[in-house]
Novice: 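Next up is a structure, given as structure tokens.
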Amino acid sequence: MSRSITRFTAKDEEVDQRPLDFRLIRRLLEFTQPYAKKRTRLLTMVLLRSIQLPLLTWIVAAVINGPVEQHDMPGVIWGSVAFAVLMVSAQVVLHYRYRWALELGEAVVVDLRNAVFEHLQQQPLSWFQKTKVGRIISRMTSDIEDVRVGVQDILFISLVQLGQMFVAAACMLWYDWQLFLLVLLSAPVIWSINRQFHRRLSDTLRAMRRSFSRITATLAESVVGIRVTQSFVRQEENAVMFRELAIDHSRYNSAVMRTQGLFLPLLDFCNQAFIALILVVGGYRALSPEHLTSVGDLVGFFFMANLFFAPVSILGNQYNQAMTAMAAAERLFALLDSPPEWTDAADAEPLPKISGRVEFENVSFGYDPERPVLHEINFVANPGETVALVGHTGSGKTSIVNLIAKFYPVTTGRVLIDGHDIAQVQSPSLQRQLGIVVQQNFLFDGTIAENIRVGRPQATDDEVMGAVCQLGCLDLITNLKHGFQTHVGERGAQLSAGQRQIICFARALLANPRILILDEATSCLDSQTESRLQTALEVLLAGRTSFVIAHRLSTIRHADQVLVLDHGHIIERGRHEELLELGGAYAHMHDQFVRAA
């Protein structure tokens, strides 16, 4: 069994598709529609470029066949001038073909990347819990870059080469149609070689892309889990595991290179062999007593034959890249086409400003509908009340607050806020009136002030400072060297746990939510810091309907209502003192807490 850091199963494999899928090509071209004028100009340059290259060759052949053969020096000079003018124009066309292709590819990539990001933002929380971070990063980086190559390089380079082959074929047909039949004999040979190698390349390229996805996913997981890695001294073992993945990817990559290394030289050999055959047959026709073709026409035909066969190797290489781009496009569009597991109802309406009354009516819920984690939950939280949720791990506390925030839809029953069934309200209008502070609250890379403003982006500096001051913790921020302009680092790594939590409290206070959710908000703090933040918590909870999850029962002594959960059922409810007098599960947990203290 593989010892890779991230375990992969059959479900992790990418879906196989045909090497070229014109449905995907059509969808990619739809992304160029907003830039139709530039695309049209670019196609014009492609057409001119495909004509200019054979025309340059035709001028050389015409000068040799005419003025040179007739010893006409002025004709040679004029032919050279015509060649020089056409050569300069060809370079101008090449410049704009290349420049506009880059601009079009960049525009498509920007739009595609924005579309993917917007789609990701619409996915429910459950989707992110089931999808590997590395796979999402791979879609947004390597896959989109592969599509960029497909749009700006593969498509237009292939069109130029195909146009060049078509014009060269027309010229050869005009020079000597019988000799051209010999060229046509190469088509079945080249087609059979392409078919054989493209099938092999398709398989090896898929395997290579899958191995790269495994490397990306493992790298992302390793970076996120570096604290665990270092705390358990797993650096060497993880390096060995990653090395196995890298070697595995290298093996697939080498297989691709070996296949391409055999395919492209074989194509080139066939091209040169047919040119040699044309030279022999054409020379015989030119030197035969019947003079079946002239020497000048043979020279022109030979030049055009070189021009005809030269793109074959280029097109073979472009096809290899096209298969990679197709695989990337397939994965991107599969992501864009994946609908969210659930969305707001079509007739959902915005939730008006609320006072904060929350009611659960016979609510049952399961992340897997066949395995419910909440059973027939009923309770009412009146505006301004603090409701404490208590129970062992897995009892359903976090599931309740997830339903209040509408991160998941209920399986049966109703969640009402101010009498509105949240199943019939638009999620953003509800979530704008919620504040959530969790144990490992997320800080974005930026300054302290910027992270506090996440709660209300338009807030002024005075309002940001006022929120922290209102919590009574201003010194925890101002004592820092750069104060509110201190950079927190990735995930707040430059700050202490207490400082990070104060930022999260201030963020919630600045947003001024009507309903506040605290999920183990102080459990990661030491007792001294927690005591300091209790005052801040009181300010934060004042006047708001609050749901508090805490294992430390000292943080919920003053709750208006305590709900004790066990395996998804509410087994006790009441105030702290009432439940102690009851002598049930809550009293037992309290005794355990007192003894542990």
Side-chain angles (χ1 to χ4, degrees), residues 123-127 129-130 339-436 438 513-519 544-549 556 559-574 579 584-586:
Q123 293 293 334
L125 191 62
S126 57
W127 185 87
Q129 292 174 337
K130 293 185 293 186
E341 293 181 3
W342 64 273
T343 58
D344 290 336
D347 57 348
E349 297 181 354
L351 181 67
K353 187 175 182 179
I354 60 174
S355 59
R357 185 179 190 274
V358 178
E359 181 178 1
F360 272 50
E361 288 187 353
N362 300 315
V363 171
S364 295
F365 168 72
Y367 299 98
D368 178 354
E370 296 182 359
R371 300 174 60 187
V373 296
L374 294 177
H375 307 270
E376 299 293 324
I377 301 297
N378 290 276
F379 69 84
V380 174
N382 290 311
E385 285 189 349
T386 296
V387 177
L389 302 174
V390 178
H392 297 294
T393 300
S395 60
K397 306 182 298 296
T398 299
S399 296
I400 286 178
V401 297
N402 281 341
L403 295 182
I404 295 172
K406 203 180 176 183
F407 289 149
Y408 299 87
V410 300
T411 304
T412 60
R414 297 195 303 168
V415 177
L416 305 174
I417 295 183
D418 281 11
H420 299 276
D421 184 351
I422 65 172
Q424 298 300 317
V425 304
Q426 296 174 3
S427 297
S429 65
L430 164 63
Q431 289 155 1
R432 287 191 190 98
Q433 302 186 65
L434 293 178
I436 301 178
V438 299
R514 299 310 309 146
I515 299 175
L516 183 65
I517 295 171
L518 302 178
D519 189 350
R544 297 179 173 85
T545 306
S546 306
F547 293 85
V548 180
I549 298 175
I556 54 175
D560 298 289
Q561 186 177 176
V562 177
L563 303 179
V564 184
L565 290 103
D566 181 51
H567 293 92
H569 298 273
I570 297 178
I571 57 174
E572 292 179 3
R573 67 179 77 205
L579 294 177
Y586 181 84

Novice: Which salt bridge (Lys or Arg N to Asp or Glu O under 4.0 Å) pairs, counting each pair once, include a residue from residues 350-359, with sequence neighbours left out?
Specialist: R357-E359

Novice: Evaluate L389 against L565 for side chain to side chain contact (heavy atoms under 4.5 Å, CB included), listing each step before the verdict.
Specialist: CA-CA 7 Å; L389 302 174; L565 290 103; 4.2 Å; yes

Novice: Can you sort out the partners of D560 under side-chain hydrogen bond (donor to acceptor under 3.5 Å, both in side chains), two or more places apart, ordered by chain and number?
Specialist: none

Novice: Answer whether the closest heavy-atom distance between the side chains of V387 and V548 falls below 4.5 Å.
Specialist: no

Novice: What do the steps show when you test L516 against T545 for side chain to side chain contact (heavy atoms under 4.5 Å, CB included), and what is the final call?
Specialist: CA-CA 6 Å; L516 183 65; T545 306; over 6 Å; no

Novice: Quick check against the 3.5 Å criterion: does D344 have a side-chain atom that pairs as donor or acceptor with the backbone of S427?
Specialist: yes

Novice: Who are the ring-ring contact (aromatic ring centres under 6.0 Å, His included) partners of H375, not counting sequence neighbours?
Specialist: H569

Novice: So, taking the atom named CD1 in I404 and the one named CD1 in I436, what distance separates them when rounded to the nearest 0.5 Å?
Specialist: 9.5 Å

Novice: Please examine the side chains of S399 and V373, heavy atoms only from C-beta on, and report whether any two atoms are closer than 4.5 Å.
Specialist: yes

Novice: Residues in side-chain hydrogen bond (donor to acceptor under 3.5 Å, both in side chains) with N378, at least two apart?
Specialist: N362

Novice: Is the shortest side-chain heavy-atom distance between V380 and N382 below 4.5 Å?
Specialist: yes

Novice: Do any N or O atoms from the side chain of K406 and from the backbone of L430 form a donor-acceptor pair under 3.5 angstrom?
Specialist: no

Novice: Tell me every residue that passes salt bridge (Lys or Arg N to Asp or Glu O under 4.0 Å) with E572, counting only those two or more places apart in sequence or in another chain.
Specialist: none

Novice: Using the rule given for side chain to side chain contact (heavy atoms under 4.5 Å, CB included), can you reason through F547 versus K397, listing the C-alpha separation, both sets of side-chain angles and the distance that settles it, and then say yes or no?
Specialist: CA-CA 10 Å; F547 293 85; K397 306 182 298 296; over 6 Å; no

Novice: With side chain to side chain contact (heavy atoms under 4.5 Å, CB included) as the criterion, how do L416 and V358 come out once you've worked through the C-alpha distance, each side chain's angles and the decisive distance to 0.1 Å?
Specialist: CA-CA 6 Å; L416 305 174; V358 178; over 6 Å; no

Novice: Quick check: does any side chain N or O of Q424 sit under 3.5 Å from a backbone N or O of A345, one acting as donor and the other as acceptor?
Specialist: no

Novice: Only counting residues at least two apart or in another chain, list the ones meeting ring-ring contact (aromatic ring centres under 6.0 Å, His included) with F360.
Specialist: F379

Novice: If the condition is side-chain hydrogen bond (donor to acceptor under 3.5 Å, both in side chains), which residues does Q123 pass it with, not counting sequence neighbours?
Specialist: H119

Novice: Going by heavy atoms in the side chains, are V564 and I570 under 4.5 Å from each other?
Specialist: no

Novice: Any salt bridge (Lys or Arg N to Asp or Glu O under 4.0 Å) involving residues 409-436? Give me the pairs, sequence neighbours left out, ordered by first then second residue.
Specialist: E361-R414

Novice: Hey, could you give me the CG/CD1 distance between L351 and I417, rounded to the nearest 0.5 Å?
Specialist: 6.5 Å

Novice: Can you list everything that forms a salt bridge (Lys or Arg N to Asp or Glu O under 4.0 Å) with R544? Sequence neighbours excluded, please.
Specialist: none

Novice: With sequence neighbours left out, which residue pairs that include part of residues 371-385 fulfil the salt bridge (Lys or Arg N to Asp or Glu O under 4.0 Å) condition?
Specialist: none

Novice: Partners of P350 by side-chain contact (heavy atoms from CB on, under 4.5 Å), sequence neighbours excluded?
Specialist: Q426, S429

Novice: If you compare all heavy atoms of P513 against all heavy atoms of G435, which two are closest, and at what distance to 0.1 Å?
Specialist: CB-N, 3.3 Å

Novice: Indicate yes or no: at least one non-hydrogen side-chain atom of L403 is less than 4.5 angstrom from one of L374.
Specialist: yes

Novice: Check whether T411 reaches the backbone of G366 with its side chain - one donor and one acceptor, N or O, closer than 3.5 Å.
Specialist: yes

Novice: Between S355 and P383, is there a donor-acceptor pair closer than 3.5 Å when you use the side chain of the first and the backbone of the second?
Specialist: no

Novice: Could I get the full list of ring-ring contact (aromatic ring centres under 6.0 Å, His included) partners for F365, not counting sequence neighbours?
Specialist: Y367, Y408

Novice: Could you tell me whether the side chain of L563 reaches within less than 4.5 Å of the side chain of V390, counting heavy atoms only?
Specialist: no

